[in-house]
Every structure is written in structure tokens, then in C-alpha cells.
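Worth knowing before you read on, the calculation uses all heavy atoms, side chains too, and leaves out hydrogens, waters and symmetry mates. Every chain is numbered from 1 and lettered A, B, ... according to where its sequence line falls, protein lines coming before strand lines.
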Amino acid sequence: MNNPDNKTPTRARFAPSPTGSLHIGNARTALFNDLFAKKTRGTLILRLEDTDLERSSAAFEREILESLKWLGIAWNEGPDRGGPAGPYRQTEREKTYREMAEALVEKGMAYRCYCTEESLEERRKAQLAKGLPPGYDGRCRHLSPEERADFERRGVPFTLRFRVPAEESVAFTDAIHGDIRFMSDSITDFILIRSNGMASYNWAVVVDDSAMGVTHVIRGDDHISNTPKQLLLYRALGRTPPRYAHHPLILGLDGKRLSKRHGATAVSQFRREGYLPQAIVFYLVGLGGIVPSDGPLLRPEEIVKAFDLSGISKGAAIFDHKKLLWINGRFIRELPMATLYHHLSPFLKNWGVMNAFDQEKQEAIIACGRDNAQLLTDFKVIFDIFLTKPDAGSAFAGEGEKDISRGILEIFAESCQETETLDEQGYISAAKAAMKRSNQRGKRFFMTLRRALTGMEHGPELTNIIPILGKEEVVSRLNHALEQL
RNA sequence: GUCCCCAUCGUCUAGCCUGGCCCAGGACACCGGCCUUUCACGCCGGCGACAGGGGUUCAAAUCCCCUUGGGGACGCCA
């Protein structure tokens, strides 16, 4: 579906509803649309589906836009930046939905339904109990003029329902799944306009996509069964439907659709936890089978180049947190320092690193800890090594070893003093000299140094840590440790 | 329940369209080893799958059918 007749420029859209954070599954939909638009040199539209007045909020809207931007998803038209196909918020198109629905009523393709929600709910339950598919039973479909007049006289609120034609075959070719066919009989009359006057999902989508000139609809698998409804609507409207691509959903470890109870799912949360946007994007496209996730780390342009809708795998994929972590670690290790630093700086500010060290030193520390980090937040421990003098005392081995430890530290301190500059080479020779003089070496020797200098048993190599600490600080820490012994 | 979608190692996948090169390749995870002053990184090795059954064919992971399993939809949510 890479724009077969490339006469018409492609127009794709991502249409989240601001009723929650942008979660990883929606992010993938957004990403696919973004990649498709970029690949075909088309347009990406961002549209807010805020017709659920109860649950939509401005805060969620802000968070969604922010998360999208952070992921590097760039829309050309949207609520925040306008465009020729506005409005980009469904609540602002309210009037159009109603007028167009009324026009359908005029033509007999839609009708007023006076059923109450409670009654509908009861009937649905009854259907289910009888083993029938739940769905509208068509009660108001053939109201007599008298009955209708009666409802109107009593001022009963109504919805506008689409009159689904019988025995029609609705087929479409999905870019990912191939041919899909439904019979209209499996679809019951659905609501176009709710009793509060607001459009319902399927209607708003069709009116919008049509008005906005959307050529390609790329969305989750869960919308496959909405597609025939929308196709019927296009038919009623006499308009050409877009092309469709339904990608599979992301599932949790238990095989159920990914949700909050599977742990972190919001993009903003991943961001806070120290994931890189590059890693998330790379993981997400890898999940779809677009790029091999074990292959080389790709730059955004390369991902665009590799992107192909028809290459997306059909089966649902389970979200594997461990693999994401691994990918994140790879990016931390392989990203250019400038890029890594950029993503790390908000964290550095929080940790009070900014005023403690100049950028050069910060970068040296980052380089020193890279191999030990999988998340950006893992750098906290690394920076702590340099930020605070360790409380080494408790970290030393048993009573009997105190004298040995003392000897090692004293002698190593001397060796350091004798060394001109304690760079990597200087450290190595100081250590060699100290080993000879103290007659200690190997694990005991180095672990003693490590504990005295960092207060921890694990961490980056001392050859990387010591040059950054510098001679003065090293000696100071050694003395500090000696005092505690 | 009805309709729709899907089905290769625990997980993500390659292979499937255009049958033989596949007693199925890679990666994550896991296990073992190496490197090493520690953890990590890195390197080497191991474990581990064509859901089942029928066809078609000289030959099927690959094509067809059925079964099973999973997912989704069926809402005045999107």
C-alpha cells in the first residue's frame, strides 16, 4: 500500500482520544502512521477524538502531544498547529456531524431511536442469555408515524441510528491482512448521533476522514470489525473510503491486551524511568517485524527507509520488557555522547550534578558508566560515586582483615602521592608499585581500593574511575577510609 | 453465543506468497564458560519451536480442509 498511484499525495492520521495517557500500544499506531507518511512523503494529521465529554481532559491532551513529540513523531497538521483540513478536534466539528446525519435521516438511511440506555442494557443482557449476539434489536427501526409522533410529543430524547442495509457484502483489502469480508447482517443498527447531540465514534471518524482527505487509515486490529460499519457509511455518503491497514495489538505477558495492570504502559512513564525515545521506537518497530531487533541500531531515517506496511507481521505480539531494557542499554552504549547527554540532562539536573561538575567532567563520568547502565536512571549510582565521599567503613571485610586493608590503603596512598598525574597510566603504575610493596594483590587488593574509593562492591572499572576522581580526591578518600577503619 | 482476525523456540522473529537449499536460522531471556580486581560490557557454547489431524505432491513449516487454542468486536467508549 505504499501509495500505488502516487498521483495523490498520501494523508495519514493518528487520532487519539484524550481520555488517558499515550500508552505504548497507541504510540506504535502513531509511529506506524508517522513512518508511513514520511516514507510516502505524505502528510501526517493529528486529530483529537474528544467526543467523550465525560472522560476527555486537557491534561491528557497535553501529555499525549508531549509524548508524541518526545518520540520524534512529527505531524504536519493538528490542533496545536492548524492546517487546511481543520478543525482537528472533533468537538469543534459537532455541527457538521449533526447536519450530515440529518441528511441521512432525510434519505431514510438513518432514523431516530427513542430507546433509553437502561432498556437497551436490559435487552442486551436478555440476548446474551439466549445465546444471541448482543446488539441493537431494531425496535425503533419501523416505528409508525403515530408512534413517532407520540415520542416527539412527550419530548423523549433520541439518538440517530444508521439503518444498516440487509444482506450486503462489505469487503475491503487490508494492507496487512489481505482481503476481509463481512456480511452486513452481522452488524446491527448503530448510533450516529448520541442523545446529547455529540457524534459517536464510527460516524465522527468517517465524517472526519472524509473531510480531511485521509487516504490511508492505519490503526489497531481491534478496529477491523468497525471497518465494515464505516465502509457502509462511506457508501451511504457516496464517498470513496480510504485504504486500510490494521496492525496487530500488543499483548501483556498473560496474552491479554496490554493495559495498566501489566505495569508501565504510558510513554511518559517510560520516559521518567529512564528509557530513550530511540530505544522505544526501535523496539516498537522491531515488534512489528519491520526491522530485526537484533540487527544494527538504526537512525530514524533508516527506519523510515526500512518501513513497509505489508511487512508488518499479522500476529499479536507480547510486550517483552526485558528486551526493551536490552535495547535501551544498547542505545546508551552506542549513541553519540552529545545525544546521550541531551537525554540525560533532565536527570542530571535533578541529581544536582549540573553545578557540581562542568560538562566535560560530566561527560567523562557518563563515558565511565555507560557499560553499567541499561536505563538513564542507572547513571544516578555512577554519579553518586563522584558526588559524595563514600562511607567506606562498613564495607570492609571482617575484623581480622582490617590490618591488611589498612596496609593496602596506606601504601597505595603513598604510591599515588609519588605519581605525577593519576591518569590511567599513572594509576596502573601506582597500583603495581603498591602491590609489590604491600605484598598484596588480586581480588583483595583491588576490592579494598574499590570499597575505600567508591563505598561499593560493584561498579565501573577503577581504571576509569580513578583518573576522574584525580589524585587529590583519591588520596583524600583513602585517608577518609583509613580514619574509619 | 455470533462475526472477524491470528497461530514457528518461554518471548520477538527469519523462512511461507514463488513447495525441495530447513531433522528450521537469528535475537531477548535462561544456563554454562571465557575475559576480568567487582558488577556490567564483550566473546564462545548450551537449552529450546513448525498447535493437532487430514489431504494435495516424488517432496510441506511452506498449498487446501477440519479441529483446537488465542485475540478482537458486538456500547449513547474510542
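- Within 4.0 Å of Gly286(A), counting heavy atoms only, lie sugar-phosphate atoms of the nucleic acid but no base atom.
- Applying the ring-ring contact (aromatic ring centres under 6.0 Å, His included) test to His23(A) and every residue at least two apart in sequence or in another chain returns nothing.
- With sequence neighbours left out, Phe151(A) forms a ring-ring contact (aromatic ring centres under 6.0 Å, His included) with Tyr114(A).
- Distance check on atom P: C21(B) versus C65(B) gives 24 Å, rounded to whole Å.
- Ion pairing between a basic and an acidic side chain is recognised when a charged N comes within 4.0 Å of a carboxylate O; Asp189(A) and Arg163(A) show no such pairing.
- Here the side chain of Met447(A) is nearest to one of A78(B), C77(B), U38(B), namely U38(B).
- At whole-Å resolution of the value, CG in Leu132(A) and C1' in C3(B) are 13 Å apart.
- Annotation for Val291(A) and Ala306(A): closest pair CG1-CB, 3.9 Å, computed over non-hydrogen atoms.
- Among the heavy atoms of the strands, none lies under 4.0 Å from Glu54(A).
- In this entry the distance linking CZ of Phe182(A) with P of C4(B) reads 7 Å, nearest Å.
- Look at the P atom in both C16(B) and G10(B): the space between them is 23 Å, to the nearest Å.
- Listed by first and then second residue, the salt bridge (Lys or Arg N to Asp or Glu O under 4.0 Å) pairs that reach into residues 369-384 of chain A are Lys380(A)-Asp384(A), sequence neighbours excluded.
- Straight-line distance between the C1' atoms of C43(B) and A27(B): roughly 16 Å, to the nearest whole Å.
- In this structure, CD1 of Ile176(A) is placed 16 Å from C1' of C4(B), rounded to the nearest angstrom.
- Contact check on Glu122(A) versus Lys125(A) returns no salt bridge, with no Lys/Arg side-chain nitrogen under 4.0 Å from an Asp/Glu carboxylate oxygen.
- Between Leu453(A) atom CG and U38(B) atom C1' the separation is 13 Å, expressed in whole Å.
- Atom CD1 of Ile465(A) is separated from atom P of C39(B) by 14 Å (rounded to the nearest Å).
- Atom C1' of nucleotide U36(B) and atom NE2 of His458(A) are separated by 14 Å, given to the nearest angstrom.
- The gap from the P atom of A51(B) to that of U8(B) amounts to 6 Å, rounded to the nearest Å.
- Spacing between U62(B) and G20(B) at atom P, rounded to whole Å, works out to 11 Å.
- The shortest distance between the side-chain N/O atoms of Thr51(A) and the OP1/OP2 oxygens of A78(B) is below 4.0 Å.
- Residues satisfying the ring-ring contact (aromatic ring centres under 6.0 Å, His included) test with Phe331(A), not counting sequence neighbours, are Phe282(A).
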Restricting both atoms to N or O, compile the protein contacts to nucleotides 27-30 of chain B shorter than 3.5 Å, with distance only.
from   : atom 1 : to        : atom 2 : distance (Å)
A27(B) : O4'    : Asp294(A) : OD2    : 3.1
A27(B) : N3     : Lys323(A) : NZ     : 3.3

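- Pair check for A78(B) finds none; no Watson-Crick or G-U wobble contact set falls under 3.5 Å.
- Among residues two or more places apart in sequence or in another chain, the side chain to side chain contact (heavy atoms under 4.5 Å, CB included) test is passed with Ala27(A) by Leu22(A), Leu71(A), Val267(A), Leu284(A).
- Inspection of the His247(A) and Ser313(A) side chains reveals no N or O donor paired with an N or O acceptor under 3.5 Å.
- Using N1 to N3 plus N6-O4 or O6-N4 for Watson-Crick, or N1-O2 and O6-N3 for G-U wobble, each under 3.5 Å, A24(B) pairs with nothing.
- In this entry the distance linking CG of Leu48(A) with P of C77(B) reads 18 Å, nearest Å.
- Of the C1' atoms belonging to G32(B) and C47(B), the separation is 10 Å, rounded to the nearest Å.
- When heavy atoms are screened at a 4.0 angstrom cut-off, Thr227(A) is found touching no nucleic acid atom at all.
- Residues forming a ring-ring contact (aromatic ring centres under 6.0 Å, His included) with Phe446(A) (at least two apart in sequence, or on another chain): none.
- Comparing the P positions of G54(B) and A61(B) gives an interatomic distance of 14 Å, to the nearest angstrom.
- Base pairing analysis places C35(B) opposite nothing; no Watson-Crick or G-U wobble pair with both distances below 3.5 Å involves it.
- Evaluation of the ring pair (Phe, Tyr, Trp, His ring centres under 6.0 Å) test over residues 165-199 of chain A, restricted to residues two or more places apart or in two chains, returns Phe162(A)-Phe190(A), Phe172(A)-Tyr244(A).
- For the pair Arg370(A) and Ala317(A), nearest-nucleotide mapping onto RNA chain B gives the more 5' position to Ala317(A).
- Mapping Arg333(A) and Tyr201(A) onto RNA chain B by nearest heavy atom places Arg333(A) at the nucleotide closer to the 5' end.
- One atom, CG of Leu462(A), and another, P of A40(B), lie 16 Å apart when rounded to the nearest Å.
- With a 3.5 Å ceiling on both atom-pair distances, the Watson-Crick or G-U wobble partner of A7(B) is U68(B).
- The side chain to side chain contact (heavy atoms under 4.5 Å, CB included) test applied to Lys389(A) returns Glu473(A), Ser476(A), Arg477(A), His480(A), not counting sequence neighbours.
- Remark: the separation of the P atoms in C5(B) and C41(B) is 44 Å, to the nearest Å.
- Contact record, Gly135(A) with Arg124(A): N-CG, 4.1 Å, taken as the closest heavy-atom pair.
- Pairing for C17(B) is absent, with no Watson-Crick or G-U wobble pair whose two atom distances lie under 3.5 Å.
- Base pairing analysis places A49(B) opposite nothing; no Watson-Crick or G-U wobble pair with both distances below 3.5 Å involves it.
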Q: Do nucleotides 61-76 of chain B as a string where each nucleotide becomes B, S or -: B if the base has a protein heavy atom under 4.0 Å, S if just the sugar-phosphate does, - if no protein is that close.
A: ----------SSSBSB
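- Contacts of residues 89-101 of chain A with RNA chain B (heavy atom under 4.0 Å): none.
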Distance-only check: which donor-acceptor pairs under 3.5 Å involve side-chain atoms of residues 14-21 of chain A, not counting sequence neighbours?
from     : atom 1 : to       : atom 2 : distance (Å)
Ser17(A) : OG     : Thr19(A) : OG1    : 3.2
Ser21(A) : OG     : Glu63(A) : OE2    : 3.1

